[in-house]
Amino acid sequence: MLPEYVKLLNDVNKDYYQVKPILDEYKLEEFENKIHTAMEFSSAVKFTVWEDGFDWKYTGMIHRLDPLTKKMIHLELENEKGHIIRVKFEDIVGVEVRE
């Protein structure tokens with residue numbers, strides 16, 4: 001490829017992609033508490049997940065919490081259509097518990 005074309009593609013991609021928010025330990029603890037509360041009371045949860053430079057919103061019930069290590073938690077979220085969505089804890093940038 002031509003160097004000018006590569007530079008142009010990189011510049012265009014920068015316009016579309018977002019930088020992942022940096023979350024402190026208090027915010028991560030708040031997310032964890034909200035997840036456990038939602039599981040305890042069977043409440044719906046709305047997650048904002050950062051994937052490949054974009055924020056994605058997922059809403060549903062937490063189907064399963066699978067701790068693989070102390071730093072990585074996988075969530076299985078069952079949405080309204082019954083589909084299972086797997087989310088890594090480190091990709092979560094927002095948690096909202098629905099009543």
Side-chain angles (χ1 to χ4, degrees):
M1 266 196 230
L2 296 171
E4 300 87 19
Y5 184 68
V6 172
K7 183 182 179 322
L8 178 65
L9 285 176
N10 287 334
D11 290 343
V12 168
N13 285 338
K14 287 179 187 174
D15 291 339
Y16 289 104
Y17 291 119
Q18 301 174 9
V19 177
K20 182 178 179 182
I22 298 172
L23 305 172
D24 62 14
E25 63 186 71
Y26 300 109
K27 196 65 161 173
L28 295 174
E29 186 177 330
E30 177 187 330
F31 290 170
E32 194 172 326
N33 289 336
K34 286 181 178 183
I35 290 167
H36 288 290
T37 301
M39 287 182 67
E40 183 178 346
F41 296 106
S42 298
S43 300
V45 181
K46 180 178 179 182
F47 285 106
T48 304
V49 179
W50 188 88
E51 294 175 6
D52 299 325
F54 296 97
D55 287 341
W56 300 94
K57 307 253 189 246
Y58 299 110
T59 302
M61 301 293 288
I62 298 174
H63 183 65
R64 187 170 69 112
L65 183 64
D66 180 23
L68 296 176
T69 67
K70 290 183 180 178
K71 294 185 179 184
M72 186 186 304
I73 298 173
H74 286 257
L75 299 171
E76 287 188 1
L77 183 69
E78 187 171 347
N79 66 11
E80 296 88 8
K81 297 179 182 177
H83 297 116
I84 300 292
I85 301 163
R86 289 182 177 84
V87 177
K88 291 181 186 174
F89 187 76
E90 67 259 16
D91 292 340
I92 297 172
V93 294
V95 177
E96 181 182 330
V97 178
R98 303 283 175 125
E99 297 292 325

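Excluded from the calculations below are hydrogen atoms, water molecules and symmetry mates; all remaining heavy atoms, backbone and side chain alike, are included.
Both Val87 and Trp56 are members of a single hydrophobic cluster when ILVMFWY side chains are connected at heavy-atom separations under 4.5 Å. If you chain together hydrophobic residues whose side chains sit under 4.5 Å apart, Val95 and Leu28 fall into the same group. Ile92 and Val97 are not part of a single hydrophobic cluster, where members link through side-chain heavy atoms under 4.5 Å apart. The hydrophobic clustering, which links ILVMFWY residues whose side-chain heavy atoms are closer than 4.5 Å, places Tyr26 and Val93 apart.
The shortest side-chain heavy-atom distance between Asp91 and Lys20 falls under the 4.5 Å cut-off. In this structure the side chain of Ile85 never reaches within 4.5 angstrom of the side chain of Phe47, judged on heavy atoms. When side chains are defined from C-beta on, Ile35 counts as touching Phe89, because their heavy atoms get closer than 4.5 Å.
Atom NZ of residue Lys88 and atom CD of residue Glu51 lie 9.5 Å apart, to the nearest 0.5 angstrom. The structure places NZ of Lys27 at 14.5 Å from CD1 of Ile22, a figure rounded to the nearest 0.5 Å.
Partner of His36 under the side-chain contact (heavy atoms from CB on, under 4.5 Å) criterion, chosen from Glu32, Glu40, Lys34: Glu32.
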### Query
After noting the C-alpha distance and the side-chain angles of Phe31 and Leu23, does the key distance pass the side-chain contact (heavy atoms from CB on, under 4.5 Å) rule?
CA-CA 10 Å; Phe31 290 170; Leu23 305 172; 3.6 Å; yes

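Considering only residues two or more places apart in sequence or on other chains, Asn33 meets the side-chain contact (heavy atoms from CB on, under 4.5 Å) condition with Glu29. Take Ala44 and apply the side-chain contact (heavy atoms from CB on, under 4.5 Å) test, not counting sequence neighbours, and it matches Met61, Arg98.
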